[in-house]
Q: 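If you scroll down you'll find the structure; I have some questions about it.
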Amino acid sequence: MNHQPQPRPGDPEISPELVENHGLNEAEYASILAILGREPTYAELGVFSAMWSEHCGYKHSRPLLRNLPTESAAVVQGPGENAGVVSVGGDWCVAFKIESHNHPSAIEPYQGAATGAGGILRDVFTMGARPVALFDSLHFGTLDDPRSRYLFDGVVRGVGDYGNCVGVPTVGGEAIFDAAYEKNPLINVMCVGVLPVSRLIRGEAEGVGNAVMAVGARTGRDGIHGATFASEELDEDATSSRPQVQVGDPFTEKLLLEASLELISRELLVGIQDMGAAGLTSSATEMSSRSGSGIEINVRHLPVREENMTPYEMLLSESQERMLLVAKPGCEEAVQEVLARWDLQAAVIGKVTDDGMFRVREGDALVAEIPVRPLVDECPTYEPEARESDEVEAQRSRLDEIDPEALLEKAGGAARALLSLLDDPTIADKRWISEQYDTTVQTNTLAGPGGDAAVLRLPDRTRGIAISTDGNGRHTYLRPRTGGRAAVAEAARNVACTGARPLAMTNCLNFGSPLRPSVYFQLREAVAGMGEACEALGTPVTGGNVSLYNETGGTPVYPTPVVGMIGVLKDISRRVGSAFTDEGGEIWLAGVTREELGGSAFLAVCTTDDQGNPIVAGEPPEVVLEAAANLVEFLVTGAEAGVFRSAHDCSDGGLAVALAECAIAGGQGFDVFLDRAPGGDSVSGATLWFGETHSRAVVTAVPEDADRVREIGAECGIPIERIGVVGGAVCRIEGGGHVAELDLTRLSERYKSAIPGRMGSEPVGVAR
């Protein structure tokens, strides 16, 4: 045997060009030489390239993420594992995480989205949790663009088909349509699983001599350098990257899920991890790093499905539905028996060592030998120049001299503006999406798509969890710290609207190239804002994903931090929905309304500049963290007391849209009069109805509970005002100098036809 790795016949010579093509700069390559004390082999270069990529190494975000709060009494497992885990009371825990599959979905939308769903499922069930729900946050260009329609159609089918085949319901999410995402869609998928605390397992490689096993699908050449691909800007014509998109098999995933949970429940394993980004390389080295051990593998023993695969290819392949596990001593045969019963392969490919090295052999030949710690934990990190762009500063001041009432008049008045907003695909009914998903499989879904948050029953049958994903790229573009705060605050109040108390969150940070000072400024400020909101709301971050280089042709997407929030509902019989269902019920507005119209959907949808472009301008609504926490307490307290018959947050489109959504959902109209918003200064009529001031909600209660509603508002420090009544076939708003009276049927038709009307004539699966 060789005592140090040797160049392999047929491998390319290491050159500056090859190093650059692997996404490594000169300083990073110099560090590799210092770590190894020699020139790397081709396989070692590939390993460093993957593990020191943005996707795996978090080289521009790790210094920022260290400042986020990650601990609370509920947190069982925070960042650094396959998924975060929180205790939800009794013997039960919830594992959850959100990740992106942006670049693959831009190239091959169906498989890109499907494999994104598959990967996040594996992250959750490798913690010992049974996946009970998928959630998604999808961002596309406008549906006027044929390619955006193609991407939208493919992504929705990909997420839906994968989840449906595996038997995990997709219970909600969000879909945003804006020209900012036209060439680079954002596809974020969240998975939630439930486990008894005794079944929790981690991705560790402990016990010298313990067998390291590859299980699941065979390894092919698909997805090689997927982690590096996800860490670079897309080309104008990125179709050449199609081979880096993996191909998923949900039927194999289902077998792997059941087999893994059986192995865990029978206590046959030391640790288990998905072969996700960077494949075998990341799973082996990360498991070793967590345990402070070493790991040795022989790629000749890895089951493959293609001939003549090289060690480089086997180490970096991201073929789907594969797991790496470490068996307990003497349990190898039992593991193989379990896998065989599920018609899956299990092969011993290596062992745990005690020398802290990642060692790879091809038969007797040594092809890689790298210290684990610098590879996993000491990826070079950077804090580049951060500077806000002059363009954004100018955009914030554009509304200073513009009369909001003049904008509303130009938009055709309150009635026309409301109809336009309900026709906007971002706000409109998402049934076109949810009807392609199985939302009730496993029979635990109490509230699925369409409400503020999804609600699922926990195994004890009396309690539940609420789930929401939220983020606002427009607000973050205009004021990144505010946008970061807003993503957390909105997700928390959406969960609280159901009566659940927000517990913890996961995040997915979607930004452009951090090498641009303006983008790194956005990232730095947004993360800081998220941290502030997490502290104020008591919702620590348990993990997540950072997706950078989301830009094409030098144009980045809106900075888009997405938050996945989990809340606990103590009594599912007190769950609150968003629909107006009780005729004669009184409508209350909770929270302060301020003169804040900047960054609103009203501006983007109902107004245009002199060139006919949507107006994205002004100062976005401030997030007052004390008010955000108080509103959460108000919503949870009212629900637990059985006082609220419905609750819905005010966000995109403001109060008028919130009222219309409640009416459409429940089939009941309303009559609302509001001349002065509760708790705030006098505001313009445009802002009164269409402003997006944070920390507001519309709730309903029976007339007999009016005094109790006021008491809860006073106890929680939330200004409230009774503004109207539920009932009838007409939706009427009056106040601020405006009256709009619209038939509920007309509103409902406009709301429900917006997306189908734009998608109806588009051939499925045809790129334009």
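The first residue of the sequence shown is numbered 1, and numbering continues consecutively from there. As a basis for the values below, the full set of heavy atoms in this structure was taken, side chains included, without hydrogen atoms, waters or symmetry mates.
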Q: Parallel, tilted or perpendicular: which describes the rings of Phe177 and Phe152, with under 30° parallel and over 60° perpendicular?
A: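 The arrangement is perpendicular - the two ring planes meet at more than 60°.
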Q: Do Asp136 and Tyr437 have side chains that get closer than 4.5 Å, going by heavy atoms?
A: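 The answer is yes, as the side chains (C-beta and beyond) meet within the 4.5 Å cut-off.
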Q: Looking only at atom types and distance, does a side-chain atom of Thr426 sit under 3.5 Å from a main-chain N or O of Asp424, one as donor and one as acceptor?
A: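 No; zero donor-acceptor contacts below 3.5 Å.
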Q: Do the side chain of Arg396 and the main chain of Leu478 share a donor and acceptor less than 3.5 angstrom apart?
A: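 Yes; judged by distance alone, with no hydrogens or angles, the pair exists.
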Q: State whether the side chain of Glu405 and the backbone N or O of Ala686 hold a donor-acceptor pair below 3.5 Å, judged by distance alone.
A: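 The answer is yes, because a donor-acceptor pair under 3.5 Å joins these two groups.
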Q: Cut-off 3.5 Å, side chains only: do Thr439 and Thr445 have a donor facing an acceptor?
A: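 Note: Thr439 and Thr445 side chains miss the donor-acceptor criterion.
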Q: Using modelled atom types and a 3.5 Å cut-off, is there a donor and acceptor pairing between side-chain atoms of Asn188 and backbone atoms of Pro561?
A: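 A pair under 3.5 Å: no.
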Q: Using modelled atom types only, decide if a donor and an acceptor are shared between the side chain of Lys430 and the backbone of Pro425 within a distance under 3.5 Å.
A: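 A pair under 3.5 Å: yes.
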Q: Given side chains that start at C-beta, do those of Val562 and His139 come closer than 4.5 Å, heavy atoms only?
A: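 Counting from C-beta outward, Val562 and His139 do come under 4.5 Å.
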Q: Would you name the heavy atoms of Val171 and Ala133 that are closest together and state the gap between them?
A: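 Between these two residues, the closest heavy atoms are CG2-CB, 3.8 Å.
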Q: Using the salt bridge (Lys or Arg N to Asp or Glu O under 4.0 Å) criterion, which residues pair with Glu622? Sequence neighbours excluded.
A: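 Counting only residues at least two positions away or on another chain, Glu622 forms no salt bridge (Lys or Arg N to Asp or Glu O under 4.0 Å).
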Q: Any heavy-atom pair between the side chains of Ile465 and Val455 that's under 4.5 Å?
A: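 Contact flag for Val455/Ile465 side chains = no.
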Q: Under the salt bridge (Lys or Arg N to Asp or Glu O under 4.0 Å) definition, can you give me all pairs with a residue in residues 647-667, not counting sequence neighbours?
A: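 Residue pairs with at least one partner in residues 647-667: Arg493-Asp649.
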Q: Decide yes or no for Leu143 and Met759: does some side-chain heavy atom of the first lie under 4.5 Å from some side-chain heavy atom of the second?
A: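 A side-chain contact exists here, since the closest heavy-atom pair is under 4.5 Å.
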Q: Does Asp153 reach the side chain of Arg149, with side-chain heavy atoms less than 4.5 Å apart?
A: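 When only atoms from C-beta onward are counted, Arg149 and Asp153 do not touch, as no gap falls below 4.5 Å.
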Q: State which residues pass ring pair (Phe, Tyr, Trp, His ring centres under 6.0 Å) with Phe96; sequence neighbours excluded, sorted by chain then number.
A: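 Per chain and number, Phe96 pairs via ring pair (Phe, Tyr, Trp, His ring centres under 6.0 Å) with no residue.
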Q: Can you confirm whether the side chains of Glu692 and Ser600 place a donor and an acceptor under 3.5 Å from each other?
A: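 Judged by distance alone, the side chains do not pair up.
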Q: Please find the pair of heavy atoms, one from Ala500 and one from Leu569, that lie closest to each other, and give the distance.
A: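 Answer, listing the atom of Ala500 first, then Leu569: N-CD1, 3.5 Å.
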Q: Are any side-chain N or O atoms of Arg461 and backbone N or O atoms of Arg457, one a donor and one an acceptor, separated by less than 3.5 Å?
A: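 Flag not set: sc Arg461 to bb Arg457 has no pair under 3.5 Å.
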Q: Is it the case that the side chains of Asn510 and Tyr181 hold a donor-acceptor pair, with the cut-off being a distance below 3.5 Å and no angle test?
A: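 Absent: no donor and acceptor within the cut-off.
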Q: Taking Glu749's backbone N and O only, do any of them form a donor-acceptor pair with Ser753's side chain (distance below 3.5 Å, no angle check)?
A: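 Flag set: sc Ser753 to bb Glu749 pair under 3.5 Å.
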Q: Is there a donor-acceptor pair closer than 3.5 Å between any side-chain N or O of Asp423 and the backbone N or O of Leu419?
A: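 A pair under 3.5 Å: no.
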Q: Can you name the side-chain hydrogen bond (donor to acceptor under 3.5 Å, both in side chains) partners of Arg474, sequence neighbours left out?
A: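 Scan of Arg474 (side-chain hydrogen bond (donor to acceptor under 3.5 Å, both in side chains), adjacent residues dropped) gives none.
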Q: Would Phe580 and Ile587 count as a side-chain contact (heavy atoms from CB on, under 4.5 Å) here? Give the steps.
A: CA-CA 9 Å; Phe580 288 165; Ile587 304 171; 3.9 Å; yes
Q: Without swapping roles, check the side chain of Arg708 against the backbone of Ala641 for a donor-acceptor pair under 3.5 Å.
A: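 Such a contact is absent between Arg708 side chain and Ala641 backbone.
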Q: Could you give me the CA-CA distance, side-chain angles and deciding distance for Trp588 and Phe634, then say whether ring-ring contact (aromatic ring centres under 6.0 Å, His included) is met?
A: CA-CA 12 Å; Trp588 299 77; Phe634 171 77; 9.1 Å; no
Q: Taking the side chain as everything from C-beta on, heavy atoms only, tell me whether Phe135 gets closer than 4.5 Å to Ile98.
A: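 When only atoms from C-beta onward are counted, Ile98 and Phe135 do not touch, as no gap falls below 4.5 Å.
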Q: Is the closest side-chain heavy-atom distance between Phe690 and Leu408 below 4.5 Å?
A: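 Phe690 vs Leu408: side chains touch.
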Q: Is the closest side-chain heavy-atom distance between Glu490 and His475 below 4.5 Å?
A: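 A side-chain contact under 4.5 Å is absent here.
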Q: Would Val699 and Leu635 count as a side-chain contact (heavy atoms from CB on, under 4.5 Å) here? Give the steps.
A: CA-CA 9 Å; Val699 300; Leu635 292 167; 4.0 Å; yes
Q: Quick test of your reading: applying salt bridge (Lys or Arg N to Asp or Glu O under 4.0 Å), list the pairs with at least one residue in residues 632-645, sequence neighbours left out, ordered by first then second residue.
A: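 Counting only pairs at least two positions apart or across chains, the salt bridge (Lys or Arg N to Asp or Glu O under 4.0 Å) contacts touching residues 632-645 are Arg501-Glu633, Lys570-Glu640, Asp582-Arg645.
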Q: So, for Ala95 and Ala129, which heavy atoms are closest and what is the spacing to 0.1 Å?
A: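 Smallest heavy-atom distance, with atoms named: CB-CB, 3.8 Å.
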Q: Would you name the heavy atoms of Leu625 and Ala536 that are closest together and state the gap between them?
A: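 Minimum heavy-atom contact is CB-CB, 3.7 Å.
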Q: Where do Pro404 and Ser684 come nearest, in terms of heavy atoms and distance?
A: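 The answer is CB-OG, 3.6 Å.
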Q: Is it the case that the side chain of Trp432 and the backbone of Gly757 share a donor-acceptor pair, with hydrogens and angles ignored and the cut-off at 3.5 Å?
A: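 Side chain of Trp432 to backbone of Gly757: no pair is present.
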Q: Verify whether one side chain among Glu174 and Thr469 offers a donor that lies under 3.5 Å from an acceptor in the other.
A: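 No, because no side-chain N or O of Glu174 sits under 3.5 Å from a partner of the opposite role on Thr469.
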Q: Does a donor on one side chain and an acceptor on the other come within less than 3.5 Å for Asp452 and His648?
A: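 The criterion, which ignores hydrogens and geometry beyond distance, is satisfied for His648 and Asp452.
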Q: Could you list the residues that satisfy side-chain hydrogen bond (donor to acceptor under 3.5 Å, both in side chains) with Asp743, not counting sequence neighbours?
A: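 Result, side-chain hydrogen bond (donor to acceptor under 3.5 Å, both in side chains) vs Asp743: Thr745.
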